[in-house]
There are 2 protein chains.
Amino acid sequence: MSEVQETQRDQAAILRFIERYAGHLADAGMQRMAARVFVALLCQDSGRMTATDMAESLQVSPAAISGAVRYLTQANMVEREREPGSRRDYYVVKDDLWYDVITRREQLIHRWESTMREGMDLLGENTPAGMRWKETLEFYAFLHERLPDVMLEWRERRAELHRKWGLGD
Amino acid sequence: MSEVQETQRDQAAILRFIERYAGHLADAGMQRMAARVFVALLCQDSGRMTATDMAESLQVSPAAISGAVRYLTQANMVEREREPGSRRDYYVVKDDLWYDVITRREQLIHRWESTMREGMDLLGENTPAGMRWKETLEFYAFLHERLPDVMLEWRERRAELHRKWGLGD
DNA sequence: TCTTAACTTCATGATTTTGTGAAGTAAGTG
DNA sequence: CACTTACTTCACAAAATCATGAAGTTAAGA
């Protein structure tokens, strides 16, 4: 036990952690494999991995990785990078990850607006049910209006933390 | 066409709307049947329905409703009410629905904290990967701290709208 | 007490989702 | 111009999820 270097990581434990946290994300509606890949990426110091690395460390087929990274890039949670003169794709998590994730999700919800408006019209704008949808539209408008400020506030807090942690922004 | 009363609702269209909006919620990770039941409830003037009503209007079995309302009550999106001296359960959506839904979801995420902390420790608090989880913990702490204010702000905005719409708060 | 209505639970079948292996495409490398 | 590596697509099988009917439970009402 004492012979193990302190900086050496317990890979098995990290894999279990990946499964556990990916499970949380899956509970919240994310595809399981995409969640695994995403969390695995978050556990890399570099925040970068090739598809081959992922397949190997998660013990799944390259095909599964292919599907997962398509989901993640479409959801804008991960970016694909290719070094010139190489066939190897690197997938990388953004620097200010949560800013992007939240902003994205808000945009998704914003696309439900037209459906809600239709519901309101069908039920009648001045009926109790119609007004419930009207209020819902107002709620999403409120979020759409207010969230950017809050996320900006986060950016400031984050910059401050990085200063404190000696990361030089 | 002109013989139809203006206040009469197009039930078929409303059912299609229910399916459509429930589909959005399902995309966001909610169980399909629970989403249907929830949206159906939102389309009632009273915001209340019995399980039997739901089964009938959505054309599904009582068993499916039973499962869906269990999900919804556990997720605190809907409340069960029983009138004394009756065997009929009414399910009802809260008045300030979105306040509760958002607050709930935030609480759910808060429960992931211990998992995240474990990840941070496994990776080493001072490694780049460990610091990413540290930052994530800070982000959720930020939300936990900031969201209540924002939702309170929503309550004020809502009260104002209700005044404008003549709903007397 | 017996009947009936309201709801739940459970086993089952159907559908959907997920991950795989195999085949295919594309792009560096010798 | 072949060879190899990196990745994607596709058909299929395994697994998970979903909704149902049937049986069970509880409680009101006769």
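Please read these numbers as outputs of a predicted model, since none were measured by experiment. Order of the sequence lines fixes the chain letters, A, B, ..., with proteins taken first and strands second; residue numbering starts at 1 for each chain.
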Using salt bridge (Lys or Arg N to Asp or Glu O under 4.0 Å), reason through Glu145(B) and Arg157(A) one step at a time and then give a plain yes or no.
CA-CA 12 Å; Glu145(B) 174 191 319; Arg157(A) 159 101 53 124; 2.8 Å; yes

Quick one: do Leu123(A) and Trp133(A) satisfy side chain to side chain contact (heavy atoms under 4.5 Å, CB included)? Show the steps, please.
CA-CA 9 Å; Leu123(A) 292 160; Trp133(A) 288 101; 3.3 Å; yes

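Atom CD of Glu56(B) sits in a sparse spot, with 12 or fewer heavy atoms from other residues, nucleotides or ligands closer than 6.0 Å.
The interatomic distance linking Met30(B) (CE) with dT17(D) (C1') rounds to 16 Å, in whole Å. The CE atom of Met33(A) sits 17 Å away from the P atom of dA14(D) (whole-angstrom rounding). Across the protein-nucleic acid pair, Gln31(B) atom CD and dT17(D) atom C1' stand 9 Å apart, rounded to whole Å.
Here Glu79(B) pairs with Lys94(B) in a salt bridge; the nearest charged N to carboxylate O distance falls below 4.0 Å. Asp53(B) and Arg88(B) are not joined by a salt bridge, as no carboxylate oxygen comes within less than 4.0 angstrom of a charged side-chain nitrogen. Ion pair Arg146(B)/Glu156(A) not flagged as a salt bridge, since none of the NZ, NE, NH1 or NH2 atoms sits closer than 4.0 Å to an Asp/Glu carboxylate oxygen.
Nucleotides of DNA chain C lying under 4.0 Å from heavy atoms of chain B occupy a range whose first and last members, 5' to 3', are dT4(C) to dT9(C).
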What does nucleotides 4-9 of chain D look like as a protein-contact string, B for base, S for sugar-phosphate only, - for none, at under 4.0 angstrom between heavy atoms?
BBSSBB

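Note on ring orientation: taking the six-membered ring where Trp is involved, the planes of Trp154(B) and Phe139(A) are perpendicular (angle over 60°, cut-offs 30° and 60°).
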Acceptor/donor pairs from residues 15-35 of chain A side chains to any protein atom, 3.5 angstrom cut, sequence neighbours excluded:
{"unit_1": "Glu19(A)", "atom_1": "OE1", "unit_2": "Arg36(A)", "atom_2": "NE", "d": "3.0"}
{"unit_1": "Glu19(A)", "atom_1": "OE2", "unit_2": "Arg36(A)", "atom_2": "NE", "d": "3.1"}
{"unit_1": "Arg20(A)", "atom_1": "NH1", "unit_2": "Glu118(B)", "atom_2": "OE1", "d": "2.6"}
{"unit_1": "Arg20(A)", "atom_1": "NH2", "unit_2": "Glu118(B)", "atom_2": "OE1", "d": "3.3"}
{"unit_1": "Arg20(A)", "atom_1": "NH2", "unit_2": "Glu118(B)", "atom_2": "OE2", "d": "3.3"}
{"unit_1": "His24(A)", "atom_1": "NE2", "unit_2": "Thr115(B)", "atom_2": "OG1", "d": "2.9"}

